[in-house]
Amino acid sequence: SKQFHNEVLKAHNEYRQKHGVPPLKLCKKLNREAQQTLHGHGMEEHKEDGRGEGVHK
């Protein structure tokens, strides 16, 4: 979900800030291509209930 992506990005950028590196921002095109790659390899997308992300269907 969009909220999940934003929360992960925020947490990641807080960590990056502690190390003096610039923040990242979401790229819709890159996210879409990553999802297509996962699906092409028979993988599920990340699920907020903890399942998915590298788990075979």
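Along the sequence shown, the residues carry numbers beginning at 1.
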For Asn13, all residues meeting side-chain contact (heavy atoms from CB on, under 4.5 Å), sequence neighbours excluded: Leu9, Arg16, Pro23, Leu24

Contacts of Lys29 meeting side-chain contact (heavy atoms from CB on, under 4.5 Å) (sequence neighbours excluded), chain-then-number -> Cys27, Arg32, Glu33

If you measure from CD on Gln17 to NE2 on His12, what distance do you get to the nearest 0.5 Å? 12.5 Å

Nearest 0.5 Å please: distance from the CG atom of Leu38 over to the CD atom of Gln35. 5.5 Å

According to side-chain hydrogen bond (donor to acceptor under 3.5 Å, both in side chains), who are the partners of Glu7, at least two apart in sequence or on a separate chain? Gln3

